[in-house]
Peer 1: 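Would you mind keeping the following structure in view while I ask a few things?
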Amino acid sequence: MRRELVQEQLLFVDSAKSSFRTSDDDFEVEIPSRTMVCAEDEFIEMEVTECTFRRDFYAVQNYNKHFSIYHDGGDNAYSLTEGNPTAVTIDSELKADFEQQFPGETFTVSWSSYTGKITIASTFVGTVPSDIALDTDVENSCHEVIGFSKKKHAFTIDGQNITLTGDRAINVLGEQAVFLRTSLSNSNYENSAAGLENTQIVAKFPILGPPYSNLTFFNTGRLFTSKITQRNLTSFNVRLTNENNDLIGIQTNVTMSLTFRKYREIQDSTPKLLNEMLRLERVKLVGKSLGNSI
């Protein structure tokens, strides 16, 4: 089976010009006049040719900003400020939150440039809670941002001294990649806790620039191509997410170029011809054998 290119269509997309837009990272693309319609022996392939957007989405958002200070048998909810934090600003926020929770006590929060981990410490003046902990096993947890796994982390207590060091390097870079998903494809695969599952992901863009810089990605080598599921190219949805399928919160428009190619599947007649030639040769050989025997 081989394929023959029948039609090619270049589509320029701008999220700001979408008539149906929830946000600049979740919008509809309308195709005027049904530019491609497939016959039974045809299919459409989509290629993400280029994508440009500004890195103005927040490293800390509502879905990754929450934690709890646990003591005396109860959780006390806190959250980080949304935005692009640094290790210094995270240290300051955690210090202020712990000192708010324990009035009259002084905390130090420091970040090691060698290990990439933060340490929270205090020498208590009052009574040290025996169960004091940093609880990151909460909904929309900030555990990755502040360098902890998602669980309750008990402080080490030595008399009046308490200390807790993160078990992971602090993440002050925000998202490491942006995933482009479209409703045109659900036949790609991603690895999840449940194993390999179908996904609408059609491209993955690494974040290589600093906050508020323009990010442009070119699809060299036709890496980002997908056979779409629809036989007619009409409207479709576009979403830009992190690896957990959460919208990344882009604050300005996204532009991209998509190339659609319609192919016709053509049955390769070579094997059939070879089989026919072999059949004829066998007939000749049988005929010749019969002639010699007479």
Side-chain angles (χ1 to χ4, degrees), residues 57-102 105-124 126-179 190-195 204 206-208 210-211 241-246 248-249:
F57 46 90
Y58 293 145
V60 176
Q61 298 182 78
N62 185 58
Y63 68 81
N64 67 344
K65 71 177 185 180
H66 300 283
F67 67 97
S68 175
I69 299 175
Y70 184 90
H71 66 93
D72 297 319
D75 273 305
N76 301 272
Y78 285 87
S79 61
L80 299 177
T81 300
E82 293 187 16
N84 294 105
T86 65
V88 174
T89 61
I90 287 177
D91 288 354
S92 298
E93 280 202 68
L94 291 176
K95 172 181 169 63
D97 291 338
F98 271 91
E99 290 180 349
Q100 178 181 329
Q101 185 61 38
F102 298 100
E105 305 294 346
T106 300
F107 282 77
T108 60
V109 183
S110 58
W111 176 71
S112 169
S113 59
Y114 177 72
T115 64
K117 299 177 180 180
I118 64 171
T119 297
I120 306 169
S122 177
T123 299
F124 262 64
T127 303
V128 179
S130 61
D131 59 352
I132 184 171
L134 172 68
D135 191 358
T136 55
D137 189 11
V138 298
E139 188 175 359
N140 298 321
S141 173
C142 68
H143 64 285
E144 290 183 332
V145 178
I146 62 176
F148 287 86
S149 54
K150 192 175 182 182
K151 67 178 184 179
K152 184 186 293 182
H153 299 265
F155 278 76
T156 298
I157 302 175
D158 181 12
Q160 293 297 105
N161 300 313
I162 66 169
T163 184
L164 174 65
T165 298
D167 55 350
R168 294 181 178 179
I170 191 172
N171 174 16
V172 293
L173 298 177
E175 302 299 346
Q176 302 301 296
V178 173
F179 293 80
E190 65 177 324
N191 198 21
S192 69
K204 174 187 176 183
I207 303 302
L208 303 175
T241 74
N242 62 11
E243 64 178 0
N244 297 319
N245 201 15
D246 299 309
I248 60 175

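The analysis underlying the following values was restricted to heavy atoms, covering all of them including side chains, and did not include hydrogens, waters or symmetry mates. The first residue in the sequence is number 1, and the count goes up from there.
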Peer 1: Is the backbone N or O of His66 less than 3.5 Å from a side-chain atom of Asn140, with the two atoms forming a donor-acceptor pair by type?
Peer 2: no
Peer 1: Restricting to non-hydrogen atoms, name the atom on Lys151 and the atom on His153 that form the minimum distance, rounded to 0.1 Å.
Peer 2: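 Scanning both residues, the minimum pair turns out to be O-CD2, 3.0 Å.
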Peer 1: Quick one: are Lys65 and Val60 in side-chain contact, heavy atoms under 4.5 Å?
Peer 2: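 Yes; the side chains approach each other to less than 4.5 Å.
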Peer 1: Within the structure provided, determine whether Val128 and Gln160 are in side-chain contact (heavy-atom separation under 4.5 Å).
Peer 2: yes
Peer 1: Is the number of heavy atoms from other residues, nucleotides or ligands under 6.0 Å of Lys150 NZ greater than 12?
Peer 2: yes
Peer 1: Are side-chain heavy atoms of Ile146 and Leu134 found at a separation under 4.5 Å?
Peer 2: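 Sidechains of Leu134 and Ile146: in contact.
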Peer 1: Donor-acceptor pair, Asn64 side chain versus Ala59 backbone, under 3.5 Å?
Peer 2: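 Checking the backbone N and O of Ala59 against the side chain of Asn64, a donor-acceptor pair under 3.5 Å is found.
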Peer 1: Identify the heavy atoms of Ala87 and Ile170 that sit nearest to each other, and give their distance.
Peer 2: CA-CD1, 4.5 Å
Peer 1: A quick test of your reading: do over 12 heavy atoms of other residues, nucleotides or ligands sit less than 6.0 Å from OH of Tyr78?
Peer 2: yes
Peer 1: Going by heavy atoms in the side chains, are Glu105 and Ile162 under 4.5 Å from each other?
Peer 2: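 Side-chain contact under 4.5 Å: no.
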Peer 1: Donor-acceptor pair, distance only, cut-off 3.5 Å: does the side chain of Asn242 make one with the backbone of Asn244?
Peer 2: yes
Peer 1: Flag the pair Pro129 / Phe155 as yes when at least one side-chain heavy-atom distance between them is below 4.5 Å, and no otherwise.
Peer 2: no
Peer 1: Leu94 versus Phe107: any side-chain heavy-atom pair under 4.5 Å?
Peer 2: no
Peer 1: How many angstroms lie between atom OG1 of Thr241 and atom CD1 of Ile248, to the nearest 0.5 angstrom?
Peer 2: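 Result: 7.5 Å between the selected atoms.
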Peer 1: Would you say the side-chain atoms of Ser122 pair up with the backbone N or O of Thr106, donor to acceptor, closer than 3.5 Å?
Peer 2: yes
Peer 1: Between Asn76 and Ile69, is there a donor-acceptor pair closer than 3.5 Å when you use the side chain of the first and the backbone of the second?
Peer 2: yes
Peer 1: So that I know where these two stand, are Phe67 and Phe148 an aromatic pair - ring centroids less than 6.0 Å apart?
Peer 2: no
Peer 1: Might you point out which heavy atoms bring Ser149 and Asp167 nearest each other, and give the distance in Å?
Peer 2: OG-OD2, 2.6 Å
Peer 1: Got more than 12 heavy atoms from elsewhere within 6.0 Å of CD, Glu243?
Peer 2: no
Peer 1: Between Ser92 (side chain only) and Val88 (backbone N and O only), is there a donor and an acceptor less than 3.5 Å apart?
Peer 2: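 Confirmed, Ser92 side chain pairs with Val88 backbone.
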Peer 1: Ignoring hydrogens and geometry, is there a side-chain-to-backbone donor-acceptor pair from Ser141 to Thr136 under 3.5 Å?
Peer 2: yes
Peer 1: Indicate yes or no for a side-chain donor-acceptor contact from Asp131 to the backbone of Asp72 under 3.5 Å, with no hydrogens or angles considered.
Peer 2: yes
Peer 1: Is there a side-chain contact between Phe102 and His71 in this structure, where contact means two heavy atoms from C-beta onward sitting under 4.5 Å apart?
Peer 2: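 Contact flag for Phe102/His71 side chains = yes.
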Peer 1: Which atoms form the tightest heavy-atom contact between Thr81 and Glu93, and what is the distance?
Peer 2: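 Of all heavy-atom pairs spanning Thr81 and Glu93, the closest is N-OE1, 3.0 Å.
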